[in-house]
Amino acid sequence: MADGIGRDYRMPDADQRLLGTLPFVLDRRAAGMVHAKVVRSLQPHATIRGIDASEALAMPGVLAVLTGRQIANDPGIEPYFGAMRVDQPVLAIDKARYAGDPVAIVIAEKPQQAAAAAPFVDVDYEDLPHVVDADDAATPGAPVIHEDWPDNNCGSWRSRLGDCDAALQGADHVFTGVYYSPPASHVPMEPYICLADWTGNELEVWTSTQAPHAVRQGLEKMFSLPEDRVRVRTLNLGGAYGAKGQVKIEPMAACAARAVGRPVRMELSRDEVFLTIGKHAARVELTTGVNRDGRFVARRAKVNYNAGAYAVTSVGASGQGLTRANGPYAIPNIAVDSVATYTNTVPSGPFRGAMTSQLAFAHEQQIDEIADALGTDPVELRRLNLLRDGDVYATGEALHDLHYDELLDDLVDAIGWGTPSEPASPGKVRGKGLAIMLKNTLTPSRSEARLRACPDGTVHVFSSSVEMGQGAHATILQLVSEYLGISIDRLVMGFPDTRHTPFDTTTSSSRTTSSMGEAVRKAAADLMLQLRSLAAKRWQASEDDVEISAGSVRLRRGDEPREQPWEELIEQAEVPDVTGHGVIESDFGLALMDDPHDVKGPVSVHWHQGGAAAEVEVDLETGRLEVLRMHANCFAGKVVNPLRVRQQNQGCVIFGLGPTLFEELDYQDGTLTNPNLSDYMIPSILDVPATITSTAVESDDPGAELHGVGEMALPAVSPAVANALFAATGVRLHELPLTPERILHALEQNGRNQQE
Amino acid sequence: MSPTAFHEPADLADACALLAANPWGAKAISGGTAIVLMLRNGLIAPESFISLARIGGLRGIAVEDGVLRIGAGTTLAEVAASPAIREHAPSVASACELVGNPRVRNVATIGGNLAEADYASDPPATLASVGARCAVTGTAGRRTVEVIDLITGFYETVLEPDELITHVEIPLPAGPRGAVYLKYRTRSSEDRACVGVAARVDFRDGAVGDLDVVVAAVASTLQRVPDPLAAARGRRLEPPVIREVARGYADAIDPMDDARGSAGYRRKMIEVFVRRALEQVAGQQRGSGGGARG
Amino acid sequence: MTDQTAPSGQVDVRLIVNGDAHTVAVDVDETLLDTLRDRFDVTSARGTCGIGLCGACTVLVDSKVVSSCIMLTAQAAGHEITTAESLGGGDGRLARVQEAFVQRGAYQCSFCIPAMALTVHAALADDEAGRSRDSVREYLAGNLCRCGTYPEILEAVTDLVDEAGDRATGSDA
Ligand SMILES: Cc1cc2nc3c(=O)[nH]c(=O)nc-3n(C[C@H](O)[C@H](O)[C@H](O)COP(=O)(O)OP(=O)(O)OC[C@H]3O[C@@H](n4cnc5c(N)ncnc54)[C@H](O)[C@@H]3O)c2cc1C
Ligand code: FES
Ligand code: FES
């Protein structure tokens with residue numbers, strides 16, 4: 001079909017994107033709206049003895065000050081929420097768990113008035129001992145962050161395959177290393193923004209979210225409302241990368257609106273965006289047993305993800321460590337323990353390449369370290385151990401549709417593996433490195449889609465997939481066009497609105513093209529079936545005699561052939577429209593395992609596969625590393641849109657280079673010191689190579705599944721650069737970011753060691 | 001409290017008088033790029049702004065009587081692009097070009113940059129290295145302040161509340177000169193310097209006649225270390241001399257810690273970048289055959 | 001020009017926004033970004049870092065790029081302000097630079113994009129900044145894009161620089 005799979009169909013609203021008229025929730029206003037500003041804890045861990053709002057209340061324009069105690073005392077509000085563990089209060093109740101924890105909300109006529117009054121809300125804190133590091137927090141005797149979980153555990157998972165201990169004992173070589181990724185921040189350019197409005201006991205919320213239905217469900221639960229009394233709407237998202245995946249500021253805005261009986265707009269400032277969610281810091285201890293021939297015989301991994309002060313998704317997400325600690329390698333004996341631990345820091349949540357980057361940084365460096373020790377080529381060592389179709393993975397399941405050989409070959413070609421770099425100028429050295437990754441997608445999950453064919457010839461697409469720059473909407477349109485065989489011009493698609501667009505778990509985990517794509521395929525098939533039976537009924541023919549294609553129905557019976565466009569059929573049948581419905585649901589996965597300490601069986605509907613290769617240059621006197629060029633690849637199944645796949649791959653490289661080179665959240669005395677873009681910098685156009693190449697590997701099978709491509713190359717970026725650093729200089733860093741100072745220090749250590 | 005007035009005096013004396021009338025409440029605003037940040041962070045709470053934008057004669061670049069005069073209200077972009085500055089003080093042009101981003105340079109002024117007295121700014125060190133002075137006017141009259149003496153601490157200067165910088169004056173070199181400014185960033189390309197080194201050498205008979213090296217971003221004030229400079233005078237700008245000066249700077253300066261680098265790292269980078277700066281100046285000298293206009 | 005007759009704490013400011021002159025009473029400490037968004041329905045300038053760093057709030061003041069988040073409205077008095085909405089003359093028309101972005105698909109979430117195009121436009125209008133792809137790239141260093149659309153933006157820049165070169169040499173190839 002003209003606009004179907006594989007075509008270069010662009011976003012239909014490109015002009016608005018350039019003119020700046022593309023709608024964002026940021027631009028929405030409501031008649032009579034007022035503004036809310038959050039008062040945040042200044043202490044990392046403290047009992048709240050009392051809050052005196054009198055001074056703030058007396059300031060110009062201030063309508064109300066809302067506290068956690070007030071919310072807790074309101075019988076109409078369940079004051080805690082949480083996707084997997086209900087541990088997060090709308091506003092801190094009697095205790096603040098991190099510096100930045102919301103403790104009160106000031107509501108005023110103007111945003112400036114709310115902001116001006118916020119510092120005058122007087123909170124009486126009594127400090128408690130605090131803990132920032134997850135290993136410290138997991139140590140007995142550490143400060144207790146939630147009384148209900150006194151060991152600070154926020155998720156605990158274990159998997160065992162074969163006999164790891166015995167295999168390690170019997171291995172010819174054993175390698176062990178500890179790898180640390182610090183916390184980082186998503187930094188979507190659009191901040192969190194929410195507009196909440198009550199009419200009676202119906203709540204309408206406009207919010208910048210990746211998961212409108214999850215927000216709806218969360219709010220319905222919070223206010224004990226029946227289904228669909230809460231209507232959640234969203235527009236384009238100005239970036240999310242995982243930061244906008246679960247319920248975030250919506251409860252605060254909704255409670256504020258309830259308190260003043262007017263629409264409330266809440267827009268977070270940049271520091272507050274930093275204080276809302278971040279990337280899990282993780283310490284990974286990796287031990288690998290290797291035979292003389294280079295084959296991996298055992299892997300033991302201990303992973304501790306820093307959950308921050310609230311669980312968000314950590315309870316379940318920490319289970320991803322089980323699969324991701326092993327990388328795309330066939331290892332017969334595996335023992336992984338993966339936990340998440342509460343600390344007094346900004347809550348952690350999914351971060352593009354979620355839960356995987358931290359582990360790829362470990363296993364992809366370690367495999368190079370092993371290659372170096374054994375005197376083999378890192379690519380050859382990978383080839384020797386790669387997972388191939390039918391191999392049994394850590395969870396005991398056999399994996400299929402694996403493409404690591406192609407991905408690795410592609411990296412080798414693209415970076416010119418084995419060909420030395422062009423010589424650098426004096427005082428500088430160059431080197432190349434590569435890395436690959438494996439990641440499961442969100443399973444279980446559910447996507448629904450509806451397609452409504454109307455008498456005016458249009459087909460309306462109802463889907464709750466969120467457009468945030470990845471091209472979700474354009475991709476869905478392409479797929480609908482492909483599956484219905486009609487031109488995209490006839491398709492109409494609006495923004496998610498939980499009243500009209502059906503359920504979808506979330507737009508994340510690179511699942512939209514595959515999961516929503518499948519829902520749309522089913523909806524298209526359903527729509528065509530219905531059109532066919534409508535035609536059969538009108539023509540009093542058997543359904544078997546009606547053919548449907550490219551926008552029309554046709555009667556095949558010999559003597560009186562008839563053909564009619566859908567819209568004519570619908571009009572003459574005098575039905576308002578014909579609607580097809582598609583649902584795809586997976587009913588297995590980590591979250592449904594009986595015993596998190598004995599994980600067995602399938603955990604993913606399919607596997608994300610990708611890689612990256614880098615060439616770097618290092619200044620030996622300063623330690624400054626420059627990435628000269630990078631290549632990214634992924635397995636796409638089938639490419640729906642070449643430009644957008646390329647943009648996802650490049651985007652992964654650029655996003656991934658930040659935490660590789662300089663991004664890191666810095667805590668001093670329990671307080672985040674750099675919640676702004678001048679102290680926490682993200683990559684500019686000069687910080688990334690001018691050329692970033694990309695490959696999407698496709699399946700030979702014409703009926704191949706579609707794979708998401710949003711984060712495949714990302715986890716490979718840091719280890720590829722770290723491996724290139726080693727190739728250039730002979731130094732290894734087990735901690736991100738790879739700052740000049742760390743590199744220089746390692747170079748000096750190395751020089752010293754070599755002299756000895 | 002929010003500010004209540006925005007004054008736009010047309011002449012300098014009025015501006016000084018307005019500042020003198022309310023020394024703690026009135027705030028001079030030039031490009032405003034630093035002021036708006038201070039306002040947002042609650043670092044200042046002025047009662048009124050005295051805009052310098054409409055004061056005559058505060059903007060522009062001229063060469064008069066052997067002096068390059070830059071009006072305090074001249075934007076950094078204008079300084080960077082000025083043919084006169086590129087000819088007579090190219091290291092100053094390049095330092096201004098290295099400030100932040102084009103949006104800042106289009107608005108921020110040279111006077112505002114100096115008066116802000118940020119330890120990590122680029123232009124002050126370069127201006128100091130070429131012997132620049134500030135022409136200052138207050139209600140008590142005029143005076144001249146050497147740029148190196150202007151900044152006395154983090155965001156602190158010798159200026160009285162009613163004093164304004166009106167011009168920056170750079171004496172033109174009498175003979176061949178080489179000069180550079182090197183900005184070393186450890187994080188993004190948009191970052192401020194971890195170490196900034198301005199070096200200037202006036203050559204006499206192929207040797208170092210006079211020289212200056214001023215280091216920015218490593219301490220609360222601009223750093224000049226007289227002894228190694230004195231030792232270099234009269235010698236040829238060759239590796240041994242260059243290394244001595246670099247070592248002398250690294251040994252003498254007591255650098256600070258911040259997110260852009262620890263004190264220990266900064267000390268090493270001072271040595272590397274003082275050396276590289278002087279090597280580039282030596283390169284300029286070679287390039288121009290014995291002496292450089294640089 | 002500003003005028004002190006407005007109520008205390010406010011100034012009357014005459015602004016020329018996208019070609020039309022208006023006089024508005026604003027708070028002394030109001031930023032140009034807030035004024036444009038709240039009083040002129042401008043949506044292309046977007047506040048995100050608030051400290052002049054990211055460029056999402058870029059507008060042209062007298063044809064030069066500035067961060068509207070760190071400029072007081074009072075400072076813009078009497079100046080001509082152009083936003084992305086009317087770079088191409090208004091009414092939804094695209095300027096050439098915007099078209100070049102569209103042709104290359106140089107957008108993802110697009111939050112940063114109107115500002116990117118304004119900045120490329122300003123760079124190309126400058127003899128030095130606009131002379132090559134690399135010089136425009138340098139000029140763009142203060143415009144952050146978290147989605148990582150930089151490669152397509154550079155493709156659009158290359159097209160535009162080539163076109164300008166062709167114009168300069170009188171070739172129409
Ligand atoms: C995003 C960003 C990045 C930056 N990066 C850099 C960088 O890389 N390198 C660098 O050097 N700087 C950098 N800066 C700082 C920038 O250079 C200064 O903000 C700017 O130069 C200040 O000039 P202004 O005219 O805007 O001053 P204003 O903000 O108007 O004023 C600054 C201070 O100077 C006072 N003042 C202004 N003019 C005078 C005068 N004539 N006499 C006496 N006092 C006066 C004011 O009262 C105020 O206290 C950056 C700034 C931003 C926002
Ligand atoms: S919002 Fe103005 S530069 Fe970032
Ligand atoms: S396109 Fe999303 S931030 Fe640039």
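Below, chain A is the first sequence line, B the second, and so on; all start at residue 1. Computed from a prediction, not measured in an experiment: that's the story for all the values here.
Crowding of A:R732 atom CZ: a count of heavy atoms from other residues, nucleotides or ligands under 6.0 Å exceeding 12. Remark: A:H745 NE2 is loosely packed, at most 12 non-hydrogen atoms of other residues, nucleotides or ligands lying under 6.0 Å away. The neighbour count for B:D251 CG, taken as heavy atoms of other residues, nucleotides or ligands under 6.0 Å away, is above 12.
Looking at A:E748, the atoms closer than 4.5 Å to chain B (heavy atoms on both sides) all sit in the side chain, from C-beta outward. In this structure, chain B has no heavy atom under 4.5 Å from any part of A:L661. In this structure, chain B has no heavy atom under 4.5 Å from any part of A:D271. Looking at A:P740, the atoms closer than 4.5 Å to chain B (heavy atoms on both sides) sit in the backbone and in the side chain alike. Contact of A:T673 with chain B is not made at all, since no heavy-atom distance falls under 4.5 Å. For A:T739, no part lies under 4.5 angstrom from a heavy atom of chain B. With a 4.5 angstrom heavy-atom cutoff, A:I685 does not touch chain B via any of its atoms.
Annotation: residues 93-113 of chain B contacts chain A through no residue [non-hydrogen atoms, separation under 4.5 Å]. Of all residues in residues 260-276 of chain B, those placing a non-hydrogen atom less than 4.5 angstrom from a non-hydrogen atom of chain A are B:G261, B:S262, B:Y265, B:K268, B:M269, B:V272, B:F273, B:R275, B:R276. Contact residues of residues 188-198 of chain B toward chain A are B:S188, B:S189, B:E190, B:D191 (heavy-atom distance under 4.5 Å).
Under the 3.5 Å distance criterion, the side-chain polar atoms of B:R187 are matched with a main-chain donor or acceptor of A:D679.
Atom CZ of residue A:R624 and atom OG1 of residue B:T186 lie 7.5 Å apart, to the nearest 0.5 angstrom.
Listed by first then second residue, pairs satisfying side-chain hydrogen bond (donor to acceptor under 3.5 Å, both in side chains) with a partner in residues 107-120 of chain A read A:E109-A:R262, not counting sequence neighbours.
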